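So that the names make sense, note that chain A is the first sequence line, chain B the second, and so on, each numbered from 1. Keep in mind that what you see is a predicted model, and the values were worked out from it rather than measured.
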2 protein chains.
Amino acid sequence: MADHFPDRGTALGSELSDAVVAFHEAIGGLLGLSAADHKALGILQREGAMSAGELAARTSLTAGAVTGLVDRLEAAGLARRDRDHDDRRRLVVTASRPTDPRVAAAFAALGSAMAEVTAGFTLEQQQVIARWAEMTTAVLREQAAALRRSA
Amino acid sequence: MADHFPDRGTALGSELSDAVVAFHEAIGGLLGLSAADHKALGILQREGAMSAGELAARTSLTAGAVTGLVDRLEAAGLARRDRDHDDRRRLVVTASRPTDPRVAAAFAALGSAMAEVTAGFTLEQQQVIARWAEMTTAVLREQAAALRRSA
DNA sequence: CTAAATAGTTCAGTGTTCTAAACTATAAGC
DNA sequence: GCTTATAGTTTAGAACACTGAACTATTTAG
């Protein structure tokens, strides 16, 4: 994703983007998850517990594939299956906190390293950065959605 | 990748990170590439042309798998195979500019949207953001490398 | 109460990509 | 010039996750 961008700003952005992806992959590798499974876990973490059917819709997988997906997440101790009390056909899939101490350590290390980075900026500067991050996130989401539509 | 982070700064970072991954995936989907192939293409774009063996080392794939990988990239018009002049056993794999007009359009759209974001900040603020991006990139790379070592 | 619909699981078959090993072509050492 | 090493390709087989369809359990409608 690099040298499509001519100017320095987007070059920086693309370096950052690569680093983000590399970190995601490293975490996924540690958990023994494929990229697809890791992505599904991300959906569960971000959007909270949901039924298997909803997860199927969000991942564009069939019901059968979701069964296997949840099997793998559960086996890795990263998600939980519960029956819905009201409708006992339904399944509630919940992301668990990863119990692997290496994962916890990884997030702790990232957190403290990022805290150190943050400390290098004034509060005002931090607000500027936050605003940029918000705007950039919105742009990326919008562009990704547009791409999906055009595909 | 979401709710591991307690504070707002890292929450923002994780949103940004998700958005980056989503954009990567959307581009990959448009090109009809698997995540692994897309990643390999990224390596080629970022680090420049390299031999098949070097690509194997960078992707942790066997020689045989790289043959298939380069086949797919070449078929998609995203990479080129050339014989090395000095050592004619060697292959030089070069990433090509994607010819698909939708990809070009996607990057153009992203570029101009990001230019608009950038325009919302003073030069001084842009420098702050750039510094933050550089530091964050370094932290992420370092943490990813540490994770890979521990795995 | 029975029939139809719905939620998930299981299973058989398919496609994809990987590894390992045999193979081809080229280079380097002696 | 042989011999050995190296670069990449080919091939056979294994692993894996997916789809679609049959199946089980539960709920809803008539």
Side-chain angles (χ1 to χ4, degrees), chain A residues 24-25 28-44 47-76 78-95 148 151, chain B residues 21 24-25 28-44 47-95 148 151:
Chain A
H24 265 256
E25 274 170 4
L30 199 59
L31 295 172
L33 293 182
S34 73
D37 289 0
H38 192 196
K39 180 182 158 191
L41 181 61
I43 291 172
L44 283 175
E47 304 181 15
M50 63 183 71
S51 74
E54 287 169 321
L55 189 54
R58 288 289 287 104
T59 53
S60 308
L61 290 175
T62 58
V66 168
T67 298
L69 165 67
V70 178
D71 283 349
R72 291 189 297 275
L73 292 181
E74 206 175 30
L78 295 166
R80 225 179 43 241
R81 262 188 176 92
D82 295 301
R83 288 260 151 228
D84 186 323
H85 290 299
D86 297 344
D87 182 344
R88 288 207 311 243
R89 291 167 306 180
R90 294 187 118 213
L91 206 66
V92 183
V93 185
T94 313
R148 261 178 255 118
Chain B
V21 171
H24 265 256
E25 274 170 4
L30 199 60
L31 295 171
L33 293 183
S34 72
D37 288 1
H38 192 195
K39 179 181 156 192
L41 180 60
I43 291 171
L44 283 175
E47 304 181 16
M50 63 183 70
S51 75
E54 287 169 319
L55 189 54
R58 288 290 286 102
T59 53
S60 309
L61 290 174
T62 57
V66 167
T67 297
L69 165 67
V70 177
D71 283 349
R72 293 189 296 275
L73 292 181
E74 204 174 32
L78 295 167
R80 226 178 42 240
R81 263 187 173 92
D82 295 301
R83 287 262 150 226
D84 187 322
H85 290 299
D86 297 346
D87 182 344
R88 287 208 311 242
R89 291 168 306 180
R90 295 188 117 212
L91 205 65
V92 182
V93 185
T94 312
R148 261 178 256 115

Distance in angstrom units between [X] [atom1] and [N] [atom2], rounded:
X       : N      : atom1 : atom2 : answer
B:Asp84 : D:dT6  : CG    : P     : 17 Å
B:Leu69 : D:dG8  : CG    : P     : 13 Å
A:Asp71 : C:dC11 : CG    : C1'   : 13 Å
B:Leu61 : C:dC18 : CG    : C1'   : 8 Å
B:Asp87 : C:dA28 : CG    : P     : 6 Å
B:Asp86 : C:dA28 : CG    : P     : 9 Å
A:Leu55 : C:dT9  : CG    : P     : 11 Å
B:Asp82 : D:dG8  : CG    : P     : 13 Å

Closest heavy-atom pair and its distance - B:Ser51, B:Arg90: OG-NH2, 3.9 Å
Non-hydrogen atoms of B:Ala95 and B:Leu41 that approach each other most closely: CB-CD1, 4.1 Å
Please work out if [X] contacts a base, only the sugar-phosphate, or nothing of the nucleic acid, heavy-atom cut-off 4.0 Å.
X       : answer
B:Ala63 : base
A:Gly53 : sugar-phosphate
A:Asp37 : nothing

What's the closest nucleotide to the side chain of [X] if the choices are [options]?
X       : options               : result
B:Ser51 : D:dG8, C:dA27, D:dA17 : D:dG8
A:Leu91 : D:dG8, C:dT9, D:dT27  : C:dT9
A:Ala65 : D:dC18, C:dG8, D:dT10 : D:dC18
B:Arg89 : C:dT17, D:dA5, C:dG8  : D:dA5
A:Arg81 : D:dC18, C:dG8, C:dT9  : C:dT9
A:Arg90 : D:dT26, C:dG8, D:dT10 : C:dG8

Nearest-nucleotide comparison on DNA chain D, the residue closer to the 5′ end among B:Arg83 and A:Gly68: B:Arg83
Partner residues of B:Glu25 under the salt bridge (Lys or Arg N to Asp or Glu O under 4.0 Å) criterion, sequence neighbours left out: A:Lys39
Nearest-0.5 Å distance, OG1 of residue B:Thr94 to CG of residue B:Leu73: 11.5 Å
Sidechain-backbone polar pair: A:Arg81 side chain, A:Val92 backbone, donor-acceptor under 3.5 Å: no
OP1 or OP2 of D:dC18 under 4.0 Å from side-chain N/O of A:Arg72: yes
